[in-house]
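Every number for a ligand or one of its atoms is a count from 1 in the order of the listing.
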Amino acid sequence: MARITAGVTTSHVPAIGAAFDRGDDQSDYWAPLFAGYEWSKKWIAAERPDVIVLVYNDHATAFSLECIPTFAIGCADEFPVADEGFGPRPVPNVMGHSELACHIAQSLILDEFDMTIMNQMEVDHGLTVPLSLMFGRVDAWPVRVVPIAVNVVQYPPPTGERCFKLGQAIRRAVQSFDEDLNVQVWGTGGMSHQLQGPRAGLINQPFDQAFLEKMNTDPSSLRAITHLEYVREAGSEGIELVMWLIMRGALHANCQELHRFYHVPASNTAVGHLILESPQDDGS
Ligand code: DHB
Ligand code: FE
């Protein structure tokens, strides 16, 4: 059977991708940020996951404001890299795992999560920047990806509680796929940041640090955070943190934290990164 072995969370700031693509990752500004992923790159090279269920948000790239699914799952064999205004990032296309994705879609929908099925989809920085941070410069990504896109662009986004429960349903779906696959679940976005309005530039380090700590030790308290609290404490784009809760819901109740990194700022964002190992007994 397929196994969920670990979860990864990371911010997905587009400026990180731009710095990486122009070879600026060792400059004074960016070197401390990329240093936080050195351990992670060695870890994942040893882990060699077969598939990543990669939870991210589309930034009005694949979905215009004409049509915004709350939860969408990519079932295609391949996902082209989107042009977000400066040409597509010079990174490989993302290869899907259609069979697993269709199985997850079926399992989630029968589990009463009304997923939008994407048989064709371009992927933006929300998905490709985390791949670059974790795998570095490659000719082909060494893993297949099942993208799950979450609406956090237009209100109302799903609640943190709903996201956690979707994660639990993803766990049931993956664990009922009849092939021996090493699967990781990633949640991208966050941490505190606000890109617009009078509070643009907001970063709340105490809130972020508490969130990082509770991801492993007390996720049930994170499930209860309301939209209003996210906006007040973490800024308007801090709502991206609900995607971390999908990752957490997909893991065993008792995980081991392997790596934690926090860096302020990268562009307008507080960057947070966690790796949680998920044990293989039944869990919850
Ligand atoms: C920034 C961060 C994001 O998560 C994003 O999607 C766009 C921009 C930023 O900090 O600039
Ligand atoms: Fe974002």
A.B. asks: Among all the protein's non-hydrogen atoms, which is closest to atom 10 (O) of ligand 1, and how far away is it?
C.D. replies: Thr269 OG1, 2.3 Å
A.B. asks: Counting backbone and side chain alike, does His125 bring an N/O/S atom below 2.8 Å of the Fe ion (ligand 2)?
C.D. replies: no
A.B. asks: Would His12 count as a contact of ligand 1 if the rule is a heavy atom under 4.0 Å away?
C.D. replies: yes
A.B. asks: Is the closest basic N to carboxylate O distance between Arg89 and Glu84 below 4.0 Å?
C.D. replies: no
A.B. asks: Do me a favour and list the nearest non-hydrogen protein atom to atom 6 (O) of ligand 1 with residue, atom name and distance?
C.D. replies: His59 NE2, 2.7 Å
A.B. asks: Note the single closest protein heavy atom to atom 11 (O) of ligand 1, along with its residue, its atom name and the distance in Å.
C.D. replies: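 Protein heavy atom at minimum distance: Ser267 OG, 2.6 Å.
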A.B. asks: Between Tyr230 and Phe211, how do the two ring planes meet: parallel, tilted or perpendicular, split at 30° and 60°?
C.D. replies: tilted
A.B. asks: Aromatic contact between His103 and His97, with the criterion being ring centroids under 6.0 Å apart: yes or no?
C.D. replies: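 His103 vs His97: aromatic centres not under 6.0 Å.
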A.B. asks: Only one of Thr188, Val185, Val123, Ile148 forms a side chain to side chain contact (heavy atoms under 4.5 Å, CB included) with Leu54, so which one is it?
C.D. replies: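 When Thr188, Val185, Val123, Ile148 are each tested with Leu54, the side chain to side chain contact (heavy atoms under 4.5 Å, CB included) holds only for Thr188.
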A.B. asks: Which atom pair, heavy atoms only, marks the closest approach of Leu202 to Arg232?
C.D. replies: CD1-O, 4.5 Å
A.B. asks: Does ligand 1 have any atom that is closer than 4.0 Å to a heavy atom of Gly189?
C.D. replies: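 Gly189: no contact with ligand 1 (<4.0 Å).
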A.B. asks: Check ligand 1 against Glu240 and write out every atom of the ligand that is under 4.0 Å from a heavy-atom position of the residue.
C.D. replies: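 Listed by number with element: 4 (O), 6 (O).
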A.B. asks: Output the list of atoms in ligand 1 that are nearer than 4.0 Å to some heavy atom of His193, sorted by atom number.
C.D. replies: 2 (C), 3 (C), 4 (O)
A.B. asks: When you look for heavy atoms under 4.0 Å from ligand 1, do you find them on the side chain of Pro14, its backbone, both, or neither?
C.D. replies: side chain
A.B. asks: I want to know whether His273 and Tyr37 have ring centres closer than 6.0 Å.
C.D. replies: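 That pair passes the under 6.0 Å test.
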A.B. asks: How is the N/O/S atom of His59 that comes nearest to the Fe ion (ligand 2) named?
C.D. replies: NE2
A.B. asks: Going by the order shown, which atoms of ligand 1 are within less than 4.0 Å of some heavy atom of Asn268?
C.D. replies: 9 (C), 10 (O), 11 (O)
A.B. asks: Pro219: what forms a side chain to side chain contact (heavy atoms under 4.5 Å, CB included) with it, not counting sequence neighbours?
C.D. replies: Phe164, Arg248
A.B. asks: For N/O/S atoms only: which one belongs to Glu240 and is nearest the Fe ion (ligand 2)?
C.D. replies: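 The Glu240 atom nearest to the Fe ion (ligand 2), restricting to N, O or S, is OE2.
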A.B. asks: Tell me the contacting part of Glu237 for ligand 1: side chain, backbone, both, or neither, using a 4.0 Å heavy-atom threshold, strictly below.
C.D. replies: neither
A.B. asks: Around atom CD of Glu257, are there more than 12 heavy atoms from other residues, nucleotides or ligands closer than 6.0 Å?
C.D. replies: yes
A.B. asks: For the pair Asp50 and Arg144, find out whether any cationic side-chain nitrogen is under 4.0 Å from an anionic carboxylate oxygen.
C.D. replies: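 Arg144 and Asp50: not salt-bridged.
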